[in-house]
Amino acid sequence: MAESVRKLKNTSMILDDLLQGIVLLKTVGSTDMQIENIQFDSRKVEAGSLFVATKGTAADGHQYITTAIEKGAVAVVCEDLPADQTPNVTYIKVENSSDALGKMASAWYGFPSSKMTLVGVTGTNGKTTIATLLYQLFRKLGHKSGLLSTVCNYVDEVAVEATHTTPDALALNELLAQMVDAGCEYAFMEVSSHSVDQRRIAGLQFDGGVFTNITRDHIDYHLTFENYLKAKKQFFDDLSSEAFALTNADDKNGLVMLQNSKAKKYTYSLRSMADFKTRILEHGFEGMLLDMNDREVNVSFIGKFNASNLSAVFGTAVLLGQDELEVLRIISSLNSVSGRFETLHSPAGFTAIVDYAHTPDALTNVIDTINQILQGNGRLITVVGCGGNRDKGKRPMMAREAVNGSWKAILTSDNPRFEEPQDILNDMLAGLDVVDKAKSLTIVDRREAIRTACALAQPGDVVLVAGKGHEDYQIIQGVKHHFDDKEVVRECF
């Protein structure tokens, strides 16, 4: 259970002060009034609230303006003014309510991002690892730091449970304010494409941005890859000229991200000339020997993708003014993030690896890394599924990648959510031909699938359990059930 952090007591503010820096298209009523709190969920509105009507994917807040006023809202920020307006309630029309909410949330909590060094990490894969390692690195360098990530949020050493990769604007600014209150000098956060598109990060002052890579993901939300790429790029377009932008030169869209950015531009790479160049000298299941900017360092991480992640961590720390040698010394002591290529050794002589890989590209990277280390001296058995109510297009791709790189692939459930698990598996199987299907098994029950993989494994083999990583639950028909891949693997041991 994550430890709770002290909730800051918000004081009231004058509406006019909250609206500074926001383009107002029309105002009905006075803005010289006291606001007791800001809400975008009408259920949380109280007397004296400012209600912000945002247009979400599931619901439109404009439908709840009347309800919010009945519960005590004294002012409403919206994109469409209601035809029937309540006397003594102030209505403010803006172009984008979500953008306004982000800026007002920042003002409400005293502009916390401007009071410390804030770095955002975006991309399809690697965000959690890079942000978490930066948090650990800077704490080991002696700096109080905060972390906003998929796995867990941290206000210095205090853990705060994470429910989204990037929280909503109010929760986000409250966490940042708590970090300031705790004396944090630095904060490292994952920036999801959803949070950029939904303007959750509007009003934040970033001192740096890091791009990892971009491959197919979240098409269920963005509809096209171009929209997904555009959302990632928007983060860099919005950086100030005072900030830095560090990009992965090995990704074909790495330099595209920086095209319109005003930030100072830097690159990292495993393959080409870059400001921060890393080469893998040796690798095995215990770690790697790396050459980072012509200095050798032993790390406990595995795989090219982790060498790339560490290159980003190294580059970010140096760009933030830290000593190169001290940074490398601490990097050599860091350990992998929970559920990211986490290695477990069986008493029976095989290795199990639990990884969060849930996109075709991420799965390919993990499988390729394992096979490069095995070099034919062992077999790879891969357990993988796909989430329900998400991008169906990647399901056959995931199955093909698993089968192509493995001796045996076991297709199973991930988080089925509101879909039938067998329907998801049928979508995955559609990507396999007769030969591929002969190399695969289909086991709906994830626990049984992991047990089967471990039972098939012989000394020297590797069992890869992909897709859920750090998650300790399965969502079935909308209900969360406890399920931890690592726990099940250890039971098999």
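These numbers were taken from a predicted model, which means no experiment stands behind them. Along the sequence shown, residues carry numbers from 1.
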Hey, does Phe285 have a side-chain heavy atom less than 4.5 Å from the side chain of Ile373?
yes
Mind checking the CG-CD1 spacing from Asn248 to Ile214? Nearest 0.5 Å is all I need.
12.0 Å
CZ of Arg417: more than 12 outside heavy atoms within 6.0 angstrom?
yes
Residue Lys230 excluded, over 12 heavy atoms near NZ under 6.0 Å:
no
Is the distance between the ring centroids of Phe493 and Phe350 under 6.0 Å?
yes
Indicate yes or no: does Glu326 engage Arg329 in a salt bridge with an N to O separation below 4.0 Å.
yes
Is it true that Lys486 and Asp484 make a salt bridge, defined as a side-chain N closer than 4.0 Å to a carboxylate O?
no
For the NZ atom on Lys304, are there more than 12 heavy atoms of other groups (residues, nucleotides or ligands in this structure) within a distance under 6.0 Å?
no
Only residue of Val297, Leu281, Val299 satisfying side-chain contact (heavy atoms from CB on, under 4.5 Å) with Leu289 is Leu281
Quick one, Gln322 with Leu141, criterion side-chain contact (heavy atoms from CB on, under 4.5 Å). Give me CA distance, side-chain angles, the key distance, then yes/no.
CA-CA 9 Å; Gln322 302 303 310; Leu141 283 166; 3.6 Å; yes
Between the CG atom in Asn173 and the OG atom in Ser106, the distance rounded to the nearest 0.5 Å is 5.0 Å
Val465 side chain reached by Asp355 side chain, heavy atoms, under 4.5 Å:
no
With a 3.5 Å distance limit and no angle check, can you tell me whether Ser269 reaches the backbone of Ser272 through a side-chain donor-acceptor pair?
yes
Any donor-acceptor pair under 3.5 Å linking the side chain of Asn213 with the backbone of Asn125?
yes
Ile353 and Val463, any side-chain heavy atoms less than 4.5 Å apart
no
Salt bridge Lys277-Asp291, side-chain N to carboxylate O under 4.0 Å:
no
Are a donor atom and an acceptor atom from the side chains of His482 and Glu487 found within less than 3.5 Å of each other?
yes
Cation-pi check for Tyr473 against Lys468: NZ or CZ below 6.0 Å from the six-membered ring centre and within 45 degrees of the axis, yes or no?
yes
Does a donor on one side chain and an acceptor on the other come within less than 3.5 Å for Gln234 and Asp238?
yes
Report the distance from atom CG of Asp207 to atom OG of Ser240, rounding to the nearest 0.5 Å.
7.5 Å
Hey, does the side chain of Arg295 reach the backbone of Glu324 with a donor-acceptor pair shorter than 3.5 angstrom?
no
Are there more than 12 heavy atoms of other residues, nucleotides or ligands under 6.0 Å from atom OH of Tyr268?
yes
Between Arg200 and Asp168, is the closest basic N to carboxylate O distance under 4.0 Å?
no
Does the gap between the ring centers of Tyr356 and Phe341 come in under 6.0 Å?
no
Evaluate Thr364 against Glu401 for side-chain hydrogen bond (donor to acceptor under 3.5 Å, both in side chains), listing each step before the verdict.
CA-CA 6 Å; Thr364 302; Glu401 295 302 334; 2.8 Å; yes
Report yes or no: do Thr150 and Glu190 form a side-chain donor-acceptor pair below 3.5 Å?
yes
Ignoring hydrogens and geometry, is there a side-chain-to-backbone donor-acceptor pair from Asn153 to Ser149 under 3.5 Å?
yes
Going by side chain to side chain donor-acceptor pair (under 3.5 Å), Ser311 matches just one of Asn293, Asn306, Asp275, Thr278. Which one?
Thr278
Checking the side chain of Asn309 only, and the main-chain atoms of Thr129 only, is there a donor and an acceptor separated by less than 3.5 Å?
no
Would you give the length of the straight line joining atom CZ of Phe40 to atom OG1 of Thr54, rounded to the nearest 0.5 angstrom?
6.5 Å
Do His481 and Gln474 have side-chain atoms, one donor and one acceptor, less than 3.5 Å apart?
no
Test salt bridge (charged side-chain N to carboxylate O under 4.0 Å, His left out) on Asp445 and Arg447 and set out the steps.
CA-CA 6 Å; Asp445 185 280; Arg447 185 181 301 274; 5.4 Å; no
Whether Ser346 side chain and Thr351 backbone form a donor-acceptor pair below 3.5 Å:
no
Any side-chain to backbone donor/acceptor pair from Lys140 onto Ile330? Under 3.5 Å, distance only.
no
When rounded to the nearest 0.5 angstrom, what is the spacing between CG in Asp237 and NZ in Lys262?
7.5 Å
Shortest non-hydrogen contact from Pro360 toward Met398:
N-SD, 3.3 Å
Check the side chains of Thr128 and Arg340 for a donor-acceptor pair under 3.5 angstrom, ignoring hydrogens and angles.
yes
Mark yes or no for whether Asn253, through its side chain, and Val256, through its backbone, hold a donor-acceptor pair below 3.5 Å.
no
Would you say the ring centroid of Phe188 lies under 6.0 angstrom from that of Tyr135?
no
Rounded distance [0.5 Å steps], CG in Leu310 versus CZ in Phe276
14.0 Å
Taking Asp197 for the side chain and Ser193 for the main chain, is one N or O donor matched with an acceptor at less than 3.5 Å?
no
Within the distance-only criterion (no hydrogens, no angle test), does the side chain of Asn415 pair as donor or acceptor with the backbone N or O of Ile475 below 3.5 angstrom?
yes
If you define the side chain from C-beta out and look only at heavy atoms, does anything of Leu374 sit under 4.5 Å from Asp461?
no
